[in-house]
Protein chains: 2
Amino acid sequence: MEIDKIIHEPARLRIMMILSGVDEVDFSFLLSTLEMTKGNLSSHMDRLEQAGYVEIFKNFNGKIPHTVYRLTKTGKTALSKYWKSIDEIRKSI
Amino acid sequence: MEIDKIIHEPARLRIMMILSGVDEVDFSFLLSTLEMTKGNLSSHMDRLEQAGYVEIFKNFNGKIPHTVYRLTKTGKTALSKYWKSIDEIRKSI
DNA sequence: GCAAACCAGTTTGTGTTACAAACCATTATT
DNA sequence: AATAATGGTTTGTAACACAAACTGGTTTGC
């Protein structure tokens, strides 16, 4: 089984794991939790969206923009497949 | 815990796992097992050596050059640390 | 005997990409 | 009115994974 490189990138793996637990999360939360730069986080979220693994919802909190991310079904599946592929490598220990 | 990027690269992770099982392996074996190009394999082995994770032994099989790789103690430690860091991320499931 | 093909790798060139810095638009704050 | 803060996006760049081309020597075919 091939390793999914979209998920394999450590930053994105952590993002996926967080999303898999909470069903909805916003930019600021990820930013402070993962301690990365905004630009970096932003582009990782783009890649995850383009892969179809997350949905991005943009709305306003009053006048302040607010972006919320949610794992898609495709994303959930991909994540569990990812762990299976990791297991496959690891089980040879 | 930080993810060790040297090991995290899928090709090198597989190499490390093979080495962790057999204590000594040659270039051709890795090449046919992993199905990668020679150039690619060669540079991954370089990186692993530079990280201090493998030792490279070059000798001759009769007249034909023969390269053998062996996991170092540092490499073994790094690999088991790597799996711990993966577990750390995964346990949040 | 000398090309051609082969073996065992290494070096080189390139497209991708992870990351941070700079930027943008708006809203507090002093 | 200037400055800082919020919530992001866009841009620039160094690193790097990969394949193609190369090297140095050996065996095979004619």
Side-chain angles (χ1 to χ4, degrees), chain A residues 2-19 24-70 78 82 85-86 89, chain B residues 2-19 24-70 78 82 85-86 89:
Chain A
E2 274 299 288
I3 285 190
D4 182 337
K5 293 241 191 181
I6 299 285
I7 298 183
H8 195 54
E9 159 60 31
R12 287 192 296 262
L13 177 55
R14 290 184 210 273
I15 291 166
M16 292 289 281
M17 290 305 289
I18 290 175
L19 282 171
E24 184 172 296
V25 94
D26 63 18
F27 189 86
S28 307
F29 178 79
L30 288 176
L31 194 63
S32 55
T33 304
L34 298 172
E35 291 177 342
M36 53 201 323
T37 57
K38 294 181 288 177
N40 197 12
L41 177 56
S42 177
S43 46
H44 281 310
M45 298 318 294
D46 275 3
R47 294 214 68 191
L48 289 174
E49 188 195 24
Q50 268 167 36
Y53 293 172
V54 307
E55 280 179 302
I56 306 188
F57 301 95
K58 289 180 176 304
N59 53 347
F60 282 85
N61 234 342
K63 290 171 178 183
I64 292 175
H66 192 236
T67 305
V68 169
Y69 305 99
R70 206 186 282 255
Y82 171 78
S85 69
I86 292 292
I89 294 177
Chain B
E2 273 300 287
I3 285 190
D4 182 337
K5 293 241 190 183
I6 299 286
I7 299 183
H8 195 55
E9 160 60 32
R12 287 192 296 264
L13 177 55
R14 290 183 209 273
I15 291 167
M16 292 289 281
M17 290 305 289
I18 289 174
L19 282 171
E24 184 171 296
V25 94
D26 64 17
F27 189 87
S28 309
F29 177 79
L30 288 176
L31 194 63
S32 56
T33 304
L34 298 172
E35 290 177 341
M36 54 201 321
T37 58
K38 294 181 286 176
N40 197 11
L41 177 55
S42 178
S43 46
H44 282 311
M45 297 318 293
D46 275 3
R47 293 214 68 193
L48 289 174
E49 189 195 25
Q50 268 168 36
Y53 293 172
V54 308
E55 278 179 303
I56 306 188
F57 301 95
K58 289 179 176 303
N59 53 346
F60 281 85
N61 233 343
K63 290 174 177 178
I64 291 173
H66 191 236
T67 305
V68 170
Y69 305 98
R70 205 186 283 256
Y82 171 78
S85 69
I86 292 293
I89 294 177

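Quick note on labels: first sequence line is chain A, next is B, and so on, each numbered from 1. These numbers come from the heavy atoms of this one structure, side chains and all, not from hydrogens, waters or symmetry mates. Since the structure is predicted, the reported quantities are computational estimates derived from the model, not experimental observations.
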Out of curiosity, B/Ser32 OG to B/Asp26 CG, how far, rounded to the nearest 0.5 Å? 8.5 Å
Using whole Å, what does the distance between atom P of nucleotide D/dT9 and atom CG of A/Leu30 come to? 12 Å
Straight-line distance of A/Asn59 CG to A/Thr67 OG1, nearest 0.5 Å: 7.5 Å
Would you list the pairs meeting salt bridge (charged side-chain N to carboxylate O under 4.0 Å, His left out) in which at least one residue belongs to residues 55-70 of chain A, sequence neighbours left out? A/Glu24-A/Arg70
Once side chain to side chain contact (heavy atoms under 4.5 Å, CB included) is applied, do any residues pair with A/Thr33, and if so which ones, sequence neighbours excluded? A/Ile18, A/Phe29
What are the residues of residues 54-65 of chain A, sorted by number, that bring a heavy atom to within less than 4.0 Å of DNA chain D? A/Lys58, A/Ile64, A/Pro65
Let me know the distance between NE2 of A/His66 and P of D/dT9, rounded to the nearest Å. 13 Å
Between D/dA17 (P) and A/Ile3 (CD1): distance, integer Å: 13 Å
Looking at residues at least two apart in the chain, or sitting in another chain, which of them share a side-chain hydrogen bond (donor to acceptor under 3.5 Å, both in side chains) with A/Asp46? none
Euclidean distance, B/Ile86 CD1 relative to B/Ile3 CD1, rounded to 0.5 Å: 4.0 Å
Nearest non-hydrogen partners of B/Leu31 and B/Met36, listed with the distance: CD1-O, 3.1 Å
Rounded off to whole Å, could you give me the CD-to-C1' distance for the B/Glu9 and D/dA15 pair? 13 Å
Can you run down the side-chain hydrogen bond (donor to acceptor under 3.5 Å, both in side chains) pairs that involve residues 2-17 of chain B, sequence neighbours left out, and say none if there aren't any? A/His8-B/His8, B/Asp4-B/Tyr53, B/His8-B/Tyr82, B/Arg12-B/His44
Quick one: do B/Ile15 and B/Leu41 satisfy side chain to side chain contact (heavy atoms under 4.5 Å, CB included)? Show the steps, please. CA-CA 9 Å; B/Ile15 291 167; B/Leu41 177 55; 3.8 Å; yes
Supply the atom-to-atom distance B/Arg47 CZ to B/Ile6 CD1, rounded to the nearest 0.5 angstrom. 4.0 Å
Let me know, please, whether B/Ser43 or A/Lys5 comes out on the 5' side of the other along DNA chain C by nearest nucleotide. B/Ser43
So, with a heavy-atom separation below 4.0 Å from DNA chain C, the residues of residues 32-40 of chain A are A/Thr37, A/Gly39, A/Asn40
Can you see which heavy atom on B/Leu48 is nearest to which on B/Met16, and at what distance? CD2-SD, 3.9 Å
Distance from B/Leu30 atom CG to B/Ser42 atom OG, nearest 0.5 Å? 11.5 Å
Positional range of nucleotides in DNA chain C within the contact set of chain A, heavy-atom, under 4.0 Å: C/dT17 to C/dT27
DNA chain D contacts made by residues 44-52 of chain B, counting heavy atoms under 4.0 Å: B/His44, B/Arg47
In whole angstroms, the gap separating P of D/dC16 from NE2 of A/His8 amounts to 15 Å
